[in-house]
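The next block holds one structure in the form of structure tokens; read it before the comments.
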Amino acid sequence: QVQLVESGGGLVQAGGSLRLSCAASGRTFSSLLMGWFRQAPGKEREFVAAIRWSGSYYADSVKGRFTISRDNAKSTVYLQMNSLKPEDTAVYYCAAGGGFPVFREDNYDSWGHGTQVTVSS
């Protein structure tokens, strides 16, 4: 099990930016697939972005606006969110795991408790 703690959520106006962080502990961080998911009120949780040694992956809805990165020395993964839209409003969850495809929740076995992102217009 990997312990994950998200931070950086908050309230921002449409068009603004926010950077989420996820600090990991308990396992070798560099070997993990790391991902971000989000869940809006009344909707199912959906894939946002993921990163592994071979590259990064994004949902079509955020491609070009969000950037995922990781700092293995700090055991931390980031999600830089630019040009935010009201439809980006959700609780954002950090997850750790492995395998393909990266958008499947069952490829992740450790989850953070989430951080709220609210985009107003």
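One is the number of the first residue; the rest follow in order along the sequence.
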Side chains of [X] and [Y] in contact at under 4.5 Å (non-hydrogen atoms):
| X | Y | answer |
| --- | --- | --- |
| V117 | R38 | no |
| L4 | H113 | no |
| M81 | V62 | no |
| T115 | S7 | no |
| K74 | S21 | no |

Please identify each residue that fulfils side chain to side chain donor-acceptor pair (under 3.5 Å) with E105, with sequence neighbours left out. R45
Shortest non-hydrogen contact from [X] to [Y]?
| X | Y | value |
| --- | --- | --- |
| C22 | M34 | SG-CE, 4.3 Å |
| V77 | S69 | CG2-O, 3.1 Å |
| L18 | G8 | CG-O, 3.5 Å |
| S110 | V2 | OG-N, 3.0 Å |
| K43 | Q39 | O-NE2, 3.1 Å |
| Q80 | S17 | NE2-CB, 4.0 Å |

For the pair T89 (side chain) and V119 (backbone), establish whether a donor and an acceptor sit closer than 3.5 Å, ignoring hydrogens and angles. yes
Taking the side chain from N72 and the backbone from F29, do they hold a donor-acceptor pair closer than 3.5 Å? no
Separation between OG1 (T118) and CG (L84), nearest 0.5 Å, reads 10.5 Å
Are any of the side-chain nitrogens in K63 or D60 under 4.0 Å away from the carboxylate oxygens of its partner? yes
Provide the full list of ring-ring contact (aromatic ring centres under 6.0 Å, His included) pairs with a residue in residues 43-101, sequence neighbours left out, each pair given once. F37-F47
Mind checking side chain to side chain contact (heavy atoms under 4.5 Å, CB included) for L33 and listing every partner two or more places apart, or none if nothing turns up? A50, R52, V102, Y108
Would you please test Q116 and L11 for side-chain contact (heavy atoms from CB on, under 4.5 Å) and show each step? CA-CA 8 Å; Q116 177 71 48; L11 175 65; over 6 Å; no
When hydrophobic residues are tied together by side-chain contacts of less than 4.5 Å, even through go-betweens, does W111 share a cluster with I68? no
Decide if atom CD of Q13 counts as having more than 12 heavy atoms of other residues, nucleotides or ligands within a radius under 6.0 Å. no
